Amino acid sequence: MSIGHAGRSLDGVATRRILVTGGDGLIGSAVVRLLAELGARVDVYDLGGPDAAARAGQAGAENHTSGSVTDMTSVAKAVDGHDAVVHLAGIAGLDGGTAEQIYTANTLGTFLVMEAAAQAGVAKVVYASSINASGLPLNPHAVLPSRYPWDEDEPAVIADAYSLSKQANEAAAVALSRRHGLAMTGLRYPLVRDITAAGGTVFARHIRRVLREDPRRQACEGWTYLDVRDAATATVAALTHDTPAAPGILVAAPRTYLRQETDQALRQTVPGVPRTPTAGRDVPVSLDRAAAQLGFTATTLLEDIDPALLADLDDLGDLDR
Ligand SMILES: NC(=O)c1ccc[n+]([C@@H]2O[C@H](COP(=O)([O-])OP(=O)(O)OC[C@H]3O[C@@H](n4cnc5c(N)ncnc54)[C@H](O)[C@@H]3O)[C@@H](O)[C@H]2O)c1
């Protein structure tokens, strides 16, 4: 179910003051770089540490503030004076901490950033949700989507702290945009990486490893991915487009990282799940809302780097020979 939107997005980012929480991270630093290139005045709020301020400066940020998103006083100070907030700070996945740490950083942190943004009169908040908001990929049980292609309205089946934190973020976005009339957009990022690193071989090895380790999880994600520069483009598009506050919008490269055609891959790995035919290697996840609500289509594709890097479900050891 979509919830009606409140407030108005930015009409452009040039000259706007934009705070990026988690701006020292993978997606955050790419967002800072792109916003600075587009003429925005960008500030970073992140945990800090050695050289964090220098890295933010190199990416194009004017200021770096060290602090946790779980500290309301510090968050309120950092948010003050900005036209928009891109909220990416958090623990990205189950390997980054205990369940308690993940849930606290992601859920309390997101609530406080959204609340502070409302108090400060910020126009727009873009927040990081995840393809895991459905709870399917990280579920410890052998659950599968109800159908392919699945979309943002797929019923959630959650059994882990990270997916739960992403659902909670989407619920917070609905509640706080309703309460304060603040425009918000969530993005359900899939697997995000710099897919061009080392000529694409780092990413190619990664997908082969995860396909071997947990083929069900990868099938739940529809074998989706997104290059980090495309993730930044989608994030910046979200600043300037009015959307419902939730559900988060699925963003991904339009084709899978598999060599197999998608219908063949689905027949092979999840034969019991109902599906409508998918063309060629198109992802079996709907990207309609990304196109219609954000005008976003990803452009960096693994096959354009090197088609030999696409993963063959029947031969996941090809790069090791
Ligand atoms: N990378 C992916 O594949 C992916 C996929 C889906 C969703 N996401 C989401 O996107 C967001 C950004 O992910 P990323 O890949 O850039 O992760 P990342 O780990 O590279 O960056 C996260 C940043 O948040 C900061 N951070 C962590 N806890 C914090 C706290 N309490 N206070 C302030 N800063 C804190 C970290 O220092 C780091 O710089 C996260 O919310 C993540 O859950 C990422």
Side-chain angles (χ1 to χ4, degrees), residues 26-27 92-95 130-132 134-151 154 188-231 234 250-288 290-291 296-321:
L26 173 72
I27 302 174
L94 281 176
D95 298 333
S130 168
I131 196 165
N132 288 294
S134 74
L136 293 163
L138 292 179
N139 203 297
H141 306 297
V143 295
L144 292 169
S146 62
R147 66 200 156 100
Y148 286 102
W150 62 270
D151 65 15
E154 176 70 20
R188 291 190 178 184
Y189 302 112
L191 170 66
V192 177
R193 291 289 184 276
D194 175 1
I195 73 156
T196 66
T201 56
V202 175
F203 183 67
R205 288 185 194 286
H206 176 76
I207 55 179
R208 282 159 176 74
R209 182 170 58 75
V210 295
L211 280 165
R212 273 192 297 257
E213 283 172 4
D214 196 346
R216 183 205 63 87
R217 173 176 170 182
Q218 307 315 317
C220 283
E221 294 185 11
W223 307 291
T224 50
Y225 68 94
L226 188 62
D227 180 68
V228 67
R229 282 153 289 253
D230 279 328
L250 287 161
V251 286
R255 290 195 282 280
T256 73
Y257 52 62
L258 295 179
R259 211 164 288 176
Q260 273 86 4
E261 297 220 330
T262 302
D263 279 340
Q264 165 61 26
L266 291 170
R267 254 195 312 274
Q268 197 170 331
T269 55
V270 285
V273 180
R275 59 175 191 275
T276 49
T278 303
R281 294 179 37 261
D282 285 1
V283 290
V285 166
S286 172
L287 302 178
D288 291 351
F296 171 72
T297 306
T299 56
T300 306
L301 305 182
L302 187 58
E303 57 267 41
D304 294 340
I305 300 169
D306 182 351
L309 297 175
L310 295 171
D312 185 339
L313 285 173
D314 299 320
D315 182 11
L316 293 171
D318 57 341
L319 294 186
D320 303 328
R321 289 195 292 278

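Being a predicted model, the structure only gives us computed values, none of them experimental. Any value given below was found using the heavy atoms of this structure, including those in side chains, with hydrogens, waters and symmetry copies removed.
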Colleague: Between Arg259 and Leu310, is there a donor-acceptor pair closer than 3.5 Å when you use the side chain of the first and the backbone of the second?
Modeller: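 At least one qualifying donor-acceptor pair exists.
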
Colleague: Which heavy atom of Leu287 sits nearest to which heavy atom of Pro254, and what is that distance?
Modeller: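 Shortest heavy-atom contact: CD1-CA, 3.8 Å.
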
Colleague: With heavy-atom distances below 4.5 Å as the criterion, would you say the side chains of Thr269 and Trp223 are in contact?
Modeller: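 A side-chain contact exists here, since the closest heavy-atom pair is under 4.5 Å.
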
Colleague: Compare all side-chain heavy atoms of Arg205 with those of Asp320 and state whether any distance is below 4.5 angstrom.
Modeller: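 Answer yes - side chains close enough.
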
Colleague: Return each pair, listed once, that meets side-chain hydrogen bond (donor to acceptor under 3.5 Å, both in side chains) where at least one residue sits in residues 270-280; pairs must be two or more places apart or across chains.
Modeller: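 Applying side-chain hydrogen bond (donor to acceptor under 3.5 Å, both in side chains) to every pair that reaches into residues 270-280, excluding sequence neighbours, yields nothing.
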
Colleague: My understanding is that only residues two or more places apart in sequence, or in another chain, count here; which of them pass side chain to side chain contact (heavy atoms under 4.5 Å, CB included) with Ala198?
Modeller: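 Once residues adjacent in sequence are excluded, the partners of Ala198 under the side chain to side chain contact (heavy atoms under 4.5 Å, CB included) criterion are Thr201, Val202.
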
Colleague: My understanding is that only residues two or more places apart in sequence, or in another chain, count here; which of them pass ring-ring contact (aromatic ring centres under 6.0 Å, His included) with Phe296?
Modeller: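 For Phe296 there are no ring-ring contact (aromatic ring centres under 6.0 Å, His included) partners, ignoring immediate neighbours.
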
Colleague: With sequence neighbours excluded, give me every ring-ring contact (aromatic ring centres under 6.0 Å, His included) pair touching residues 268-287.
Modeller: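 As it turns out, there is no ring-ring contact (aromatic ring centres under 6.0 Å, His included) pair with a partner in residues 268-287 once direct neighbours are skipped.
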
Colleague: Considering residues at least two apart in sequence or located in another chain, which fulfil the salt bridge (Lys or Arg N to Asp or Glu O under 4.0 Å) criterion with Asp315?
Modeller: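 Listed in chain order: Arg321.
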
Colleague: Checking Arg216 now: which residues fulfil side chain to side chain donor-acceptor pair (under 3.5 Å) with it, not counting sequence neighbours?
Modeller: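 By the side chain to side chain donor-acceptor pair (under 3.5 Å) rule, Arg216 matches no residue at all.
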
Colleague: With sequence neighbours left out, what residues match Asp194 under side chain to side chain donor-acceptor pair (under 3.5 Å)?
Modeller: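 Asp194 satisfies side chain to side chain donor-acceptor pair (under 3.5 Å) with Thr196, Arg229 only.
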
Colleague: What heavy-atom pair brings Thr256 and Gly222 nearest, and what distance separates the two atoms?
Modeller: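 Closest approach of Thr256 to Gly222, heavy atoms only: CG2-O, 3.7 Å.
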
Colleague: Considering residues at least two apart in sequence or located in another chain, which fulfil the salt bridge (Lys or Arg N to Asp or Glu O under 4.0 Å) criterion with Asp95?
Modeller: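 In terms of salt bridge (Lys or Arg N to Asp or Glu O under 4.0 Å), with neighbours along the sequence ignored, Asp95 is linked to no residue.
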
Colleague: Search all heavy atoms of Pro190 against all heavy atoms of Leu226 and return the closest pair with its distance.
Modeller: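 Of all heavy-atom pairs spanning Pro190 and Leu226, the closest is CG-CB, 3.8 Å.
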
Colleague: Using 0.5 Å steps for rounding, measure from the CG atom of Leu301 to the CZ atom of Arg255.
Modeller: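 Going from CG on Leu301 over to CZ on Arg255, the span is 5.0 Å.
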
Colleague: Not counting sequence neighbours, which residues clear side chain to side chain donor-acceptor pair (under 3.5 Å) with Ser130? List them please.
Modeller: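 Per chain and number, Ser130 pairs via side chain to side chain donor-acceptor pair (under 3.5 Å) with Asn132.
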
Colleague: Go through the structure and list residues passing ring-ring contact (aromatic ring centres under 6.0 Å, His included) with Tyr225, not counting sequence neighbours.
Modeller: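 Scan of Tyr225 (ring-ring contact (aromatic ring centres under 6.0 Å, His included), adjacent residues dropped) gives Phe203.
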
Colleague: If the condition is salt bridge (Lys or Arg N to Asp or Glu O under 4.0 Å), which residues does Arg209 pass it with, not counting sequence neighbours?
Modeller: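 Checked Arg209 against salt bridge (Lys or Arg N to Asp or Glu O under 4.0 Å); matches are Glu213.
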
Colleague: Can you see which heavy atom on Ile195 is nearest to which on Ile305, and at what distance?
Modeller: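 So the minimum-distance heavy-atom pair works out to O-CD1, 3.5 Å.
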
Colleague: For Asp304, what residues pass the side chain to side chain donor-acceptor pair (under 3.5 Å) criterion, not counting sequence neighbours?
Modeller: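 Listed in chain order: nothing, the list is empty.
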
Colleague: Can you tell me how far apart SG (Cys220) and OH (Tyr148) are? Round to the nearest 0.5 Å.
Modeller: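 Cys220 SG to Tyr148 OH: 5.0 Å, rounded to 0.5 Å.
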
Colleague: How long is the straight-line distance from CG of Leu258 back to CD of Glu303, given to the nearest 0.5 Å?
Modeller: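 Rounded to the nearest 0.5 Å, the CD-CG separation comes out at 10.5 Å.
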
Colleague: How long is the straight-line distance from CG of Leu309 back to CZ of Arg208, given to the nearest 0.5 Å?
Modeller: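 One finds 6.5 Å between CZ of Arg208 and CG of Leu309.
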
Colleague: Where do Leu211 and Ala311 come nearest, in terms of heavy atoms and distance?
Modeller: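 Looking at all heavy atoms of both residues, the shortest contact is CD1-CB, 3.8 Å.
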
Colleague: Donor-acceptor check, side chain of Asp263 to backbone of Pro277, threshold 3.5 angstrom: yes or no?
Modeller: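 Side chain of Asp263 to backbone of Pro277, a donor-acceptor pair under 3.5 Å: no, none is there.
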
Colleague: Can Ile207 and Leu302 be said to form a side-chain contact (heavy atoms from CB on, under 4.5 Å), step by step?
Modeller: CA-CA 11 Å; Ile207 55 179; Leu302 187 58; 3.9 Å; yes

Colleague: Given side-chain contact (heavy atoms from CB on, under 4.5 Å), test Leu138 with Leu94 step by step and report yes or no.
Modeller: CA-CA 8 Å; Leu138 292 179; Leu94 281 176; 4.1 Å; yes

Colleague: Measure the CG-CD distance between Leu266 and Gln260 for me, rounded to the nearest 0.5 Å.
Modeller: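 These two atoms lie 11.0 Å from each other.
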
Colleague: Enter the distance from Leu316:CG to Arg212:CZ here, rounded to the nearest 0.5 Å.
Modeller: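 Between Leu316 CG and Arg212 CZ, I get 6.0 Å after rounding to 0.5 Å.
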
Colleague: Please name the pair of heavy atoms, one in Val251 and one in Ala290, separated by the smallest distance, quoted to 0.1 Å.
Modeller: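 Closest approach of Val251 to Ala290: CG1-CB, 4.1 Å.
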
